[in-house]
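Report on one structure; see the data block that follows.
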Amino acid sequence: MPKRGHLFLLIGPSGSGKTTLIHEVRERTPLVRFIPTTTTRAPRPTEENGREYFFVSEAEFDQLIQRGDLLEWQWVHGNRYGTSRRRFADVIAQGLLGITSIDVLGGVAVKTAFPLDSTSIFVRPSSLEELRRRLTARGDTADEDMDRRLARAEMEIAQASACDEVLINDDGRLQEAADRLMGIMRPWLGQAE
Ligand code: ADP
Ligand code: 5GP
């Protein structure tokens, strides 16, 4: 029987460390590939189309919705983000291991669509204060966005228990969090080797 792939969904508020953890995983194993999602947000200076995200216009996003290409989509901080049904289904059918970053509502929708072929992992900082400090340090959050992001973070953290796993990414303890994440992925990594 062909091997089935698996999707690891890193869920959690902006600034919790999902992108950083994905970089750590990719440094530690070549077996897990990042699956970009699609957004109407403008690329940041360091971002490239098709690498961090597929960046599309509002009209292109409307088309994706109309064609039924998106498994789910959400407004997050004033922009739309969505996951391609085909891209995720292909990862699983081709026996690959994929990792992606998604908000809590989207994560629940993907988990419902692929209950056995995905693992939802909630990443949270130790406190909202820590989250504020990280978003300030990252430098891409305007003051007026900060309260909005932190309010949404509270909503997201309240839903953490809906996920398969909760991973605390404490300040200065990135390696510990990455070790734990590798531990969660180990059964699938073992099969893929
Ligand atoms: P997300 O992808 O969840 O929005 P990022 O991975 O961009 O979050 O992380 C937000 C900021 O926090 C980044 O500047 C990152 O370097 C920093 N960061 C991530 N994890 C830790 C940690 N364990 N300790 C201290 N800073 C961290
Ligand atoms: P950022 O703009 O900081 O890269 O991401 C903002 C938020 O959107 C993050 O919480 C990220 O996980 C989430 N996100 C990214 N792609 C998707 C997606 O396809 N669907 C949903 N629901 N959320 C997403």
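We count ligands from 1, going down the list as the structure has it; atoms in each ligand are counted the same way. The first residue in the sequence is number 1, and the count goes up from there.
- Using a 4.5 Å heavy-atom threshold, the side chains of Asn49 and Phe54 count as touching.
- Taking every heavy atom of Gln74 and a limit of under 4.0 angstrom, the matching atoms of ligand 2 come to 22 (N).
- Checked against side chain to side chain donor-acceptor pair (under 3.5 Å), Thr83 has the following partners two or more places apart in sequence or in another chain: Glu72.
- Linking Ile, Leu, Val, Met, Phe, Trp and Tyr whenever their side-chain heavy atoms come within less than 4.5 Å leaves Met155 and Val108 in two separate clusters.
- Using a non-hydrogen distance threshold of 4.0 Å, Leu105 does not register as a contact of ligand 2.
- In this structure, Glu129 does not pair ionically with Arg133, as no charged nitrogen and carboxylate oxygen lie closer than 4.0 Å.
- Between Thr37 and ligand 2, a contact under 3.5 Å exists for at least one N or O pair.
- A donor-acceptor pair is defined here as one N or O able to donate and one able to accept, closer than 3.5 Å; no such pair exists between the side chain of Arg124 and the backbone of Ile168.
- In this structure, atom 3 (O) of ligand 2 lies nearest to the protein heavy atom Arg44 NH2, 3.0 Å.
- Nearest protein heavy-atom contact of atom 20 (N) of ligand 2 is Glu72 OE2, 2.8 Å.
- For the pair Ile102 and ligand 2, the shortest N or O to N or O distance falls below 3.5 Å.
- Between Arg149, Arg41, Glu156, Lys18, it is Lys18 that holds the heavy atom closest to atom 10 (O) of ligand 2.
- Listed by chain and residue number, nothing satisfies the side chain to side chain donor-acceptor pair (under 3.5 Å) test with Thr46 (two or more places apart in sequence, or in another chain).
- Using a 4.0 Å heavy-atom criterion, the residues that approach ligand 1 are Pro13, Ser14, Gly15, Ser16, Gly17, Lys18, Thr19, Thr20, Arg134, Arg138, Asn169, Asp170, Asp171, Gly172, Arg173, Leu174.
- The protein heavy-atom contact nearest to atom 22 (N) of ligand 2 is Asp103 OD1, 2.5 Å.
- Given atom 17 (C) of ligand 2, the protein heavy atom at minimum distance is Tyr81 CB, 3.4 Å.
- The ligand atoms of ligand 2 that sit less than 4.0 angstrom from a heavy atom of Gly106 are 22 (N).
- Nearest approach of Val104 to Glu156, heavy atoms of both residues: N-OE1, 3.7 Å.
- Rounding to the nearest 0.5 Å places OG1 of Thr39 at 6.0 Å from OH of Tyr53.
- Within the structure, salt bridge (charged side-chain N to carboxylate O under 4.0 Å, His left out) contacts touching residues 159-168 (residues at least two apart or in different chains) are Lys111-Asp164, Glu165-Arg180.
- Ion pairing of Asp90 with Arg87 is absent here, as no side-chain N (NZ or NE/NH1/NH2) approaches a carboxylate O to less than 4.0 Å.
- Residue contact check: Gly12 has heavy atoms under 4.0 Å from atoms 10 (O) of ligand 2.
- Here the shortest heavy-atom pairing between Ile35 and Thr100 reads O-OG1, 2.7 Å.
- Atom 7 (C) of ligand 2 has as its closest protein heavy atom Val76 CG1, 3.6 Å.
- Side-chain atoms of Ser57 and Glu60 form a donor-acceptor pair, as typed in the model, at a separation below 3.5 Å.
- Closest heavy-atom contact between Arg28 and Ala178: NH2-CB, 3.5 Å.
- At a 3.5 angstrom cut-off on N or O pairs, Leu10 does not count as close to ligand 2.
- Of the protein's heavy atoms, Ser101 OG, 2.8 Å lies nearest to atom 12 (O) of ligand 2.
- For atom 4 (O) of ligand 2, the closest non-hydrogen atom on the protein side is Tyr53 OH, 2.6 Å.
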